[in-house]
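See below for the structure under consideration.
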Amino acid sequence: MTTIRAVRGMKDILPPESHRWQWVETQAREVFALYGYREMRLPLLERTELFARSIGVDTDIVAKEMYTFLDRHGDSVTLRPEATAQVVRAFLENHLEKGAGVKKFFLIGPMFRYERPQKGRYRQFHQINCEALGSDAPELDAEVILMLWDLLKRLELRNIQLLINSLGCPECQVDFKARLKIFLFSREGWCPDCRRRREVNPMRVLDCKSQTCKELLKDAPVLKDSLCQTCNRHYSQVLGLLTRFGVDFQEQPRLVRGLDYYTRTAFEVTAPQLGAQDAVAGGGRYNGLVRELGGPDLPGLGFAIGEDRLMEVLPAEVGRGGDQRIFLAALGLAAREKGLALLQELRSAGLAAEMDFDDRSLKAQMSLADRLGAKWVIILGERELAAGEAVVRDMATGSQQPVPLKELKTQISHKVSAKEGN
Ligand code: HAM
């Protein structure tokens with residue numbers, strides 16, 4: 001019989017790699033806590049209209065990439081392609097907008113987009129997502145970016161770039177769209193999608209992936225020239241704060257992002273070593289989104305880190321974890337029984353310990369311990385048992401010493417803390 005394979009574009013995250021994922025998420029949780037963000041855990045399925053209304057019907061995500069289906073009741077539901085819309089949905093549904101102050105949330109989990117799978121692009125991928133709702137202050141833009149930067153620095157990422165732009169407010173965008181439309185109609189050769197988009201949603205042309213369109217866009221107008229005075233000031237203040245706090249950024253006047261809800265600050269973090277899919281994180285302001293989803297006129301901004309891509313650029317030595325594992329090699333039935341009790345004692349002291357129950361030779365158990373990456377092996381045979389002791393072997397140095405069973409827990413704990421202290 002043939003074995004069953006995972007669905008195309010979806011992958012298993014297995015040990016020891018899964019340990020690095022856990023480590024990254026722990027770092028993220030610690031950094032977010034410092035900035036006052038709290039976790040939301042939301043359903044993977046949402047009503048389809050949530051994404052159509054927020055991300056925009058002309059975006060690639062909504063037009064081509066959503067996992068949408070009818071449930072058994074006949075309702076149209078969609079596996080979330082991103083988290084911002086659903087964070088806002090949950091925020092409004094649970095009346096979290098009440099009270100003063102900026103409301104800050106993070107969400108970690110899988111997203112789904114039916115894209116053509118390739119390196120760095122999956123159909124199920126994972127995001128670390130942050131959203132701050134309730135203020136339009138440029139300090140908040142700077143703080144959100146600083147938080148992202150803090151996290152990426154903690155993860156020791158190298159060769160990353162922060163690209164930034166301002167997409168202006170709806171008024172700036174009216175002016176920009178008009179200028180862009182004139183440009184788009186003055187050239188020929190656009191792909192069929194862009195020929196339609198230049199009529200209904202010209203800004204989406206700027207995000208087209210077709211090589212010909214990208215080429216044609218080189219002379220397109222830039223948003224910066226359409227910014228109103230207030231948006232201009234907001235943008236300069238954000239850039240000024242980033243400079244003051246030592247964040248190295250690069251202005252990218254053609255950055256528009258692939259979702260319709262953005263206003264003002266928009267940014268991406270890229271890692272050129274990733275090749276074609278080089279965006280590790282993306283985000284920005286969405287001052288009209290809460291209202292668009294039926295809520296009050298509340299500004300917001302946030303970002304999402306693509307965790308799968310992040311793992312690709314995480315330095316190899318980072319997040320591996322110094323597992324201080326202990327293996328107990330028992331020889332004979334009586335030693336096995338005593339061994340099990342000793343393991344429970346070690347575990348109760350917070351020490352990771354395991355043994356094999358299959359009556360293998362000492363040699364076989366030693367090579368098993370080696371394969372498991374054990375730092376210490378406790379050898380317990382009939383002779384040791386009779387003497388009330390065990391032999392403790394340090395796998396790194398090969399040195400062995402007898403230890404009375406009564407002192408095993410304390411002595412091993414000391415050895416572990418001594419290694420951790422190194
Ligand atoms: P996005 O740019 O669509 O933004 O996605 C953010 C990140 O998710 C990308 O930079 C990339 O690293 C990762 N990503 C996206 N699609 C894939 C894929 N198919 N395979 C692997 N990784 C992928 C958003 O989703 C916005 N909701 C971000 C945001 C939050 N804006 C404001 N708040």
Side-chain angles (χ1 to χ4, degrees), residues 7-11 13 24 32 37 40 42 46 50-51 54-56 59-62 64-67 79-89 91 103-133 140-141 144-145 147-148 152 157 160-165 167 204 207 209 252 255-290 293 299-314:
V7 173
R8 190 164 129 82
M10 308 204 175
K11 65 183 162 76
I13 299 159
V24 164
F32 298 160
Y37 285 70
M40 273 195 183
L42 302 179
E46 293 280 355
L50 172 67
F51 302 114
S54 53
I55 301 174
T59 57
D60 279 353
I61 299 178
V62 174
K64 308 177 190 164
E65 296 169 359
M66 294 209 301
Y67 277 89
L79 279 169
R80 63 180 181 199
E82 63 110 44
T84 311
Q86 73 162 176
V87 167
V88 173
R89 195 267 309 140
F91 176 76
K103 316 293 186 321
K104 302 168 174 176
F105 307 99
F106 74 90
L107 180 149
I108 300 177
M111 308 291 152
F112 303 84
R113 293 182 195 175
Y114 196 83
E115 295 192 79
R116 198 169 51 75
Q118 63 179 86
K119 187 174 172 293
R121 190 158 74 189
Y122 309 101
R123 289 182 175 172
Q124 175 174 331
F125 58 99
H126 303 80
Q127 282 187 349
I128 300 177
N129 200 91
C130 282
E131 311 296 348
L133 295 146
L140 186 61
D141 301 53
V144 164
I145 296 173
M147 176 170 77
L148 171 61
L152 298 179
L157 291 203
I160 49 169
Q161 284 181 321
L162 172 68
L163 309 176
I164 191 163
N165 192 18
L167 304 189
R204 285 275 60 88
D207 195 42
K209 313 240 165 39
Q252 176 64 268
L255 180 78
V256 283
R257 314 265 306 117
L259 305 97
D260 269 355
Y261 50 62
Y262 290 110
T263 54
R264 293 200 166 161
T265 315
F267 55 92
E268 265 176 18
V269 175
T270 58
Q273 64 270 39
L274 280 175
Q277 306 301 321
D278 65 351
V280 175
R285 255 197 187 281
Y286 42 82
N287 286 353
L289 181 60
V290 178
L293 290 175
L301 87 154
F303 64 79
I305 301 175
E307 218 176 339
D308 310 74
R309 291 185 196 170
L310 176 77
M311 298 315 293
E312 296 271 327
V313 286
L314 196 67

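Heavy-atom basis, side chains included; hydrogens, waters and symmetry copies ignored. Residue numbers start at 1 and run along the sequence shown. Predicted, not measured: the structure shown is a model, and the values here were computed from it. As the structure lists them, so they are numbered: ligands from 1, and atoms in each ligand from 1.
Taking Gln127 as the reference, nothing meets the side-chain hydrogen bond (donor to acceptor under 3.5 Å, both in side chains) condition, with sequence neighbours excluded. Scored by the side-chain hydrogen bond (donor to acceptor under 3.5 Å, both in side chains) test, Lys209 finds Asp60 as partners (sequence neighbours excluded). Annotation: side-chain hydrogen bond (donor to acceptor under 3.5 Å, both in side chains) contacts of Glu46 (sequence neighbours excluded): Gln86, Arg89.
Closer than 4.0 angstrom to ligand 1 lie heavy atoms from Glu82, Thr84, Arg113, Glu115, Gly120, Arg121, Tyr122, Phe125, Gln127, Asn129, Glu131, Arg257, Leu259, Tyr261, Tyr262, Ala279, Val280, Ala281, Gly282, Gly283, Gly284, Tyr286, Gly302, Phe303, Ala304, Gly306, Arg309.
Ring geometry, Tyr67 versus Phe112: the interplanar angle exceeds 60°, so the pair is classed perpendicular (tilted spans 30 to 60°).
Annotation: the span from Ile305 atom CD1 to Leu152 atom CG amounts to 5.0 Å, rounded to 0.5 Å.
Using a cut-off of 4.0 Å between Lys/Arg side-chain N and Asp/Glu carboxylate O, Lys103 and Glu131 are scored as not salt-bridged.
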